[in-house]
Amino acid sequence: MAAEIRVAVAEGVAAFTRAHGRPPGLAVVIIGRDAPSTVYLEQILRGCAKVGIDARFAELEGEATEASIVARIRELNADPSVDGVIVQMPLPRTIRLRSVVDAIDPAKDIDGIHPLNAGLLRLGYDGFLPATAHAAVEILRRSGIEIAGKDAVVIGRSAVVGMPAAFLLVKEDATVTVCHSRTTDLATKVRRADIVVVAAGRPGLVTGAMLKPGAVVVDIGINMVDGRLVGDVDFASAREVASAITPVPGGVGPLTNALLLTHLIRAAEAQAADAQARDEAHPQPVSAG
Ligand code: NAD
């Protein structure tokens, strides 16, 4: 699925570049190169380079403060060669997430973290979706799994993963239960579900014994256990009971990265169309002489 999307992305990049004389641009604001997420961000940059997207790190110089991060984001908002902005997470403890998120231009917020895009999702409108939640639901759609009328359980209620996944499933007409760290008797809730989406960051949280036979399992979790990358689901026992299950690695992750690039192309096209409409409304005066 990710490979299919990457082919479409490469075509979209080529068409945009032909039409506008420059490739779509992505800026990744990074706060420290030694953070574990840098590996993931470098992977995104490599994926961009392969399809001709102009992607770069916007690295903060010196000590990163809330003001310096916000100032850097504002520069990128104003830069016409940058169509999408993502910010390395998690932020250092001293920096308020809200200030950083609010600073991103919603038109360049390709990972759907700005309150405007979160609000659009909540209301069922078409803003930028958080790429991971988008991937979790897209994997079901592309696999031909029926969502409408099904009982779904989402484990995890974070603003960037769990809740957006739950809203998307409601939009697809599932009946959704959101479970979290204070949920009592998780196993009973999971056992009722036709679709189980897990985003808790707890290895082994869901086992085959908890699943309804034939359930569909989407594992979003990413955990390092004894130097090995694993999800939140005990894959060996769950695959015996589930009718379909996503592996970690090689499941939601690659699809997330590919979808993020489709968001970038959409952002680039929308901003180019806006710029053109502005030019037509206020043509530049022809200079005399
Ligand atoms: P988070 O820590 O913000 O949220 C975790 C959620 O899980 C919380 O709502 C918490 O209430 C719930 N939870 C924790 N322990 C639980 C338990 N024992 N029972 C039930 N619920 C429990 O994390 P996040 O940012 O939402 O990420 C979740 C997971 O998804 C992490 O493993 C993260 O690495 C992974 N992730 C994957 C991708 C991807 O592309 N595949 C992208 C982002 C995050």
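Computation of the quantities below employed the complete heavy-atom set of this structure, encompassing side-chain atoms and omitting hydrogens, waters and symmetry-equivalent molecules. Quick caveat: nothing in here was measured; it's all calculated off a predicted structure.
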Taking [X] for the side chain and [Y] for the main chain, is one N or O donor matched with an acceptor at less than 3.5 Å?
X: His180; Y: Arg182; value: yes
X: Gln88; Y: Val28; value: no
X: Ser143; Y: Ile139; value: yes

Taking all heavy atoms of [X] and all of [Y], pick out the closest pair and write down the distance.
X: Gly201; Y: Asp232; value: N-OD2, 2.8 Å
X: Ile31; Y: Pro92; value: CG2-CG, 3.7 Å
X: Asp83; Y: Pro24; value: OD2-CA, 3.3 Å
X: Ile110; Y: His263; value: O-ND1, 2.8 Å
X: Val197; Y: Ala136; value: CG1-CB, 4.4 Å
X: Phe128; Y: Ala107; value: CE1-O, 3.6 Å

[X] and [Y]: same hydrophobic cluster, using ILVMFWY side-chain contacts below 4.5 Å?
X: Val233; Y: Leu255; answer: no
X: Leu116; Y: Met163; answer: no
X: Leu264; Y: Val7; answer: no
X: Leu169; Y: Leu129; answer: yes
X: Ile222; Y: Val206; answer: no

Report task. Run through Thr184, Val196, Val178 and flag the one making a side chain to side chain contact (heavy atoms under 4.5 Å, CB included) with Lys189. Result ->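 Considering Thr184, Val196, Val178, a side chain to side chain contact (heavy atoms under 4.5 Å, CB included) with Lys189 is found only for Thr184.
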[atom1]/[X] to [atom2]/[Y] distance, rounded to the nearest 0.5 angstrom?
X: Met210; Y: Thr188; atom1: CE; atom2: OG1; answer: 8.5 Å
X: Leu45; Y: Thr38; atom1: CG; atom2: OG1; answer: 11.0 Å
X: Ile44; Y: Phe57; atom1: CD1; atom2: CZ; answer: 8.5 Å
X: Phe16; Y: Arg266; atom1: CZ; atom2: CZ; answer: 14.5 Å
X: Ile30; Y: Leu60; atom1: CD1; atom2: CG; answer: 8.5 Å
X: Phe167; Y: Leu120; atom1: CZ; atom2: CG; answer: 12.5 Å

Report task. Name all residues meeting the side chain to side chain donor-acceptor pair (under 3.5 Å) criterion together with Thr175; count only those two or more places apart in sequence or in a different chain, and write none if there are none. Result -> none
Report task. With sequence neighbours excluded, give me every side chain to side chain donor-acceptor pair (under 3.5 Å) pair touching residues 208-218. Result -> Asp194-Lys212
Report task. For residues 101-122, pull every pair meeting side chain to side chain donor-acceptor pair (under 3.5 Å), keeping only residues two or more places apart or in separate chains. Result -> Arg98-Asp102, Asp109-Asn117
Query raised in the report: Where do Ile86 and Leu260 land on the side-chain contact (heavy atoms from CB on, under 4.5 Å) test, with the steps shown first?
Result: CA-CA 10 Å; Ile86 56 177; Leu260 186 69; 4.1 Å; yes
Kindly indicate whether the side chain of [X], heavy atoms from C-beta on, has any atom under 4.5 Å from the side chain of [Y].
X: Ile53; Y: Pro23; value: no
X: Glu269; Y: Ile265; value: yes
X: Cys48; Y: Val13; value: no
X: Arg6; Y: Lys50; value: no
X: Arg142; Y: Ile5; value: yes

**Report entry** salt bridge (Lys or Arg N to Asp or Glu O under 4.0 Å) partners for Asp173, two or more places apart
**Finding:**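 In terms of salt bridge (Lys or Arg N to Asp or Glu O under 4.0 Å), with neighbours along the sequence ignored, Asp173 is linked to no residue.
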Requested in this report: Return yes when atom CZ of Arg56 has more than 12 non-hydrogen atoms of other residues, nucleotides or ligands closer than 6.0 Å, and no otherwise.
Outcome: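 Yes, the 6.0 Å shell around CZ holds more than 12 heavy atoms from other groups.
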**Report entry** Exceeds 12 heavy-atom contacts within 6.0 angstrom, atom CD of Gln276
**Finding:** no
Show me, pair by pair, the donor-acceptor contacts under 3.5 angstrom made by side chains of residues 236-251, not counting sequence neighbours?
unit_1: Ser237; atom_1: OG; unit_2: Gly208; atom_2: N; d: 2.9
unit_1: Ser237; atom_1: OG; unit_2: Asp234; atom_2: O; d: 3.4
unit_1: Ser237; atom_1: OG; unit_2: Asp234; atom_2: OD2; d: 2.5
unit_1: Ser243; atom_1: OG; unit_2: Gly214; atom_2: O; d: 2.6
unit_1: Thr246; atom_1: OG1; unit_2: Asp219; atom_2: N; d: 2.9

Without placing hydrogens or testing angles, list every side-chain donor-acceptor pair under 3.5 Å for residues 148-162, not counting sequence neighbours.
unit_1: Ser158; atom_1: OG; unit_2: Val161; atom_2: N; d: 3.1
unit_1: Ser158; atom_1: OG; unit_2: Gly162; atom_2: N; d: 3.4

Query raised in the report: Between Asn257 and Tyr40, does a side-chain contact (heavy atoms from CB on, under 4.5 Å) hold up when you go through it step by step?
Result: CA-CA 9 Å; Asn257 294 357; Tyr40 161 71; 3.3 Å; yes
Report task. Could you walk me through whether Leu229 and Met224 pass the side-chain contact (heavy atoms from CB on, under 4.5 Å) test, one step at a time? Result -> CA-CA 5 Å; Leu229 203 62; Met224 280 304 257; 3.7 Å; yes
Requested in this report: Decide side-chain contact (heavy atoms from CB on, under 4.5 Å) for His134 and Thr132; before the verdict, give the C-alpha distance in whole Å, the side-chain angles of both, and the deciding distance to 0.1 Å.
Outcome: CA-CA 5 Å; His134 187 186; Thr132 304; over 6 Å; no
